[in-house]
Undergrad: 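So that we are looking at the same thing, I have put the structure below in structure tokens.
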Amino acid sequence: MIDTHSHIDMLKNPEKEIEAFLEAGVKKVIIPGVEPATFDTIIEYIDKYDCMYGALGVHPSEALKFDEASAKKMSLLAHHPKIIAIGEIGLDYYWDKTFVETQKKAFITQIEIAKSLNLPIIVHDRDAHLDTFNILREEECKNVVMHCFSGSLEFARQCVNEGWYLGIGGVVTFKNARKMKDIVREIPLEHLLLETDAPYLTPHPFRGEENSPKYLNLIAKQIADLKDIAAEDIIRQTTKNACTLFNFDKGE
């Protein structure tokens, strides 16, 4: 299994959780960036642990921290062989709409960095579906994962028609997540990726606790139940999808 989105650096005891998720069968974890101050920490983790890979990005809620210096640092560090994406980047209109134009500018600049390095992008989109989609289309983005997908089934279909992937996490295990369950039933497995977004969005039955990649199998099991196929098939295909998008040498 591959956890395509996990903030290992935010966990209370990262070393303990790394041991736990390896025992649970998770072979690779991608740590996304959220602000320039996290870049060096991500590099430290991916240098220290064979199972760790990184992405560099400035989260839309932190867009005011994105400047020429951070863009230059991102471009330089992204040449590291274990930095396999630019992210998480995108738009978030849920918390604060006072700097939407700054978010858009940061999003587009980071897309351009990804293009210059031939790296895929990990997209954060919350309550900003239309603007996010339009920017991705206008920038002709091809290698995209819509992290923690939260749109409608119709929007999911539009994303899949573009060839993008949907990141599916713990929300799919929530009893009231009818929309997400419908999306997972309808969208082809070839366009789905597993993620935890740890330490957030802990899957049932551990809601309220800190999330961890060790719970990734609960997400795979829920997808398997919704699609009425074996969990092993979910793991096999989502691993293949991650290897294709992030250009891993081989699936594990």
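Residues: numbered from 1 along the sequence shown.
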Undergrad: Apply the test side-chain contact (heavy atoms from CB on, under 4.5 Å) to residues I42 and Y45: give CA-CA distance (whole Å), side-chain angles for both, the deciding distance (0.1 Å), then the verdict.
TA: CA-CA 5 Å; I42 290 171; Y45 271 101; 5.8 Å; no
Undergrad: Using side-chain heavy atoms (C-beta onward) and a distance below 4.5 Å, is H80 in contact with D47?
TA: yes
Undergrad: Could you tell me which non-hydrogen atom of I183 sits nearest to which non-hydrogen atom of A156, and how far apart they are?
TA: CG2-CB, 4.0 Å
Undergrad: With side-chain contact (heavy atoms from CB on, under 4.5 Å) as the criterion, how do L166 and I187 come out once you've worked through the C-alpha distance, each side chain's angles and the decisive distance to 0.1 Å?
TA: CA-CA 9 Å; L166 310 183; I187 296 301; 4.1 Å; yes
Undergrad: Would you say the side chains of Y93 and D131 form a donor-acceptor pair under 3.5 Å?
TA: yes
Undergrad: If you round to the nearest 0.5 Å, how far is CG of L11 from CG of N211?
TA: 8.5 Å
Undergrad: Got a salt bridge between E190 and K240, using NZ or NE/NH1/NH2 to carboxylate O under 4.0 Å?
TA: no
Undergrad: Just wondering, do V29 and T4 contact through their side chains at under 4.5 Å, heavy atoms?
TA: no
Undergrad: Considering only heavy atoms from C-beta outward, does the side chain of M180 approach that of I168 to under 4.5 Å?
TA: yes
Undergrad: Does the pair H147 and D125 meet the rule for a side-chain hydrogen bond (donor to acceptor under 3.5 Å, both in side chains), with working shown?
TA: CA-CA 8 Å; H147 150 64; D125 161 33; over 6 Å; no
Undergrad: Rounded to the nearest 0.5 Å, what's the gap from CG on L119 to CD on Q110? Could you check?
TA: 12.5 Å
Undergrad: Any chance you could lay out the side-chain hydrogen bond (donor to acceptor under 3.5 Å, both in side chains) test for S212 and E17, step after step, and finish with the verdict?
TA: CA-CA 7 Å; S212 164; E17 294 305 323; 2.7 Å; yes
Undergrad: Which heavy-atom pair separates C243 from I2 by the least distance, and what is that distance?
TA: SG-CD1, 4.0 Å
Undergrad: Got F206 and L218 here, is their nearest side-chain heavy-atom distance under 4.5 Å?
TA: yes
Undergrad: Does the pair F21 and C51 meet the rule for a side-chain contact (heavy atoms from CB on, under 4.5 Å), with working shown?
TA: CA-CA 10 Å; F21 76 63; C51 60; 3.9 Å; yes
Undergrad: Could R137 and E162 be called an ion pair, given the rule that one side-chain N must be under 4.0 Å from one carboxylate O?
TA: yes
Undergrad: Could you walk me through whether E139 and I108 pass the side-chain contact (heavy atoms from CB on, under 4.5 Å) test, one step at a time?
TA: CA-CA 8 Å; E139 295 296 320; I108 292 169; 3.7 Å; yes
Undergrad: Donor-acceptor pair, T109 side chain versus A106 backbone, under 3.5 Å?
TA: no
Undergrad: Any non-hydrogen side-chain atom of I121 less than 4.5 Å from a side-chain atom of N143?
TA: no
Undergrad: Could you go through the ring pair (Phe, Tyr, Trp, His ring centres under 6.0 Å) check for F248 and Y53 one step at a time?
TA: CA-CA 10 Å; F248 290 124; Y53 293 79; 4.8 Å; yes
Undergrad: P199 versus H7: any side-chain heavy-atom pair under 4.5 Å?
TA: yes
Undergrad: Report yes if the side chains of T244 and Y165 come closer than 4.5 Å at any heavy-atom pair, otherwise no.
TA: yes
Undergrad: Output yes when R178 and D182 qualify as a salt bridge under the 4.0 Å nitrogen-oxygen rule, no when they do not.
TA: no
Undergrad: Measuring from atom CG of L64 to atom CD of E35, what distance do you get when rounded to the nearest 0.5 angstrom?
TA: 12.0 Å
Undergrad: We want to know whether E88 and H124 form a side-chain donor-acceptor pair, criterion being a heavy-atom distance below 3.5 angstrom.
TA: yes
Undergrad: Shortest non-hydrogen contact from I8 to P213?
TA: CD1-CG, 3.8 Å
Undergrad: Which atoms form the tightest heavy-atom contact between I219 and T173, and what is the distance?
TA: CA-CG2, 4.4 Å
Undergrad: Rounded to the nearest 0.5 Å, what's the gap from SG on C148 to CG on D197? Could you check?
TA: 5.5 Å
Undergrad: Verify the neighbour count for atom CG of D50: are there more than 12 heavy atoms of other residues, nucleotides or ligands below 6.0 Å?
TA: no
Undergrad: Taking atom CE of M146 and atom NE2 of H129, what is their separation to the nearest 0.5 Å?
TA: 8.0 Å
Undergrad: So, K73 and D67, do they make that salt bridge, N to O below 4.0 Å?
TA: no
Undergrad: Taking T238 for the side chain and L193 for the main chain, is one N or O donor matched with an acceptor at less than 3.5 Å?
TA: no
Undergrad: I84 and side chain to side chain contact (heavy atoms under 4.5 Å, CB included): which partner among I122, N247, I30?
TA: I30
Undergrad: Heavy-atom distance under 4.5 Å between the side chains of K181 and Q222, does that happen here?
TA: yes
Undergrad: Could you please spell out the steps behind the ring pair (Phe, Tyr, Trp, His ring centres under 6.0 Å) verdict for F149 and W164?
TA: CA-CA 11 Å; F149 187 81; W164 306 337; over 10 Å; no
Undergrad: Scan N241, D233, T239 and name whichever one has a side-chain hydrogen bond (donor to acceptor under 3.5 Å, both in side chains) with Q237.
TA: N241
Undergrad: With a cut-off of 6.0 Å (strictly less than), are more than 12 heavy atoms of other residues, nucleotides or ligands near NZ of K227?
TA: yes
Undergrad: Are the charged groups of K104 and E101 less than 4.0 angstrom apart, N to O?
TA: yes
Undergrad: For a quick test of reading the model, state the closest non-hydrogen atom pair linking K82 to I46 and the distance between them.
TA: NZ-O, 2.8 Å
Undergrad: Any salt bridge linking K16 with E19? Criterion: basic side-chain nitrogen under 4.0 Å from a carboxylate oxygen.
TA: no
Undergrad: Around atom CD of E154, are there more than 12 heavy atoms of other residues, nucleotides or ligands at under 6.0 Å?
TA: yes
Undergrad: Minimum heavy-atom separation for E209 to Y215, with atom names?
TA: OE1-OH, 3.6 Å
Undergrad: Without hydrogens or angle criteria, can the side chains of T196 and D3 be said to hold a donor-acceptor pair below 3.5 Å?
TA: yes
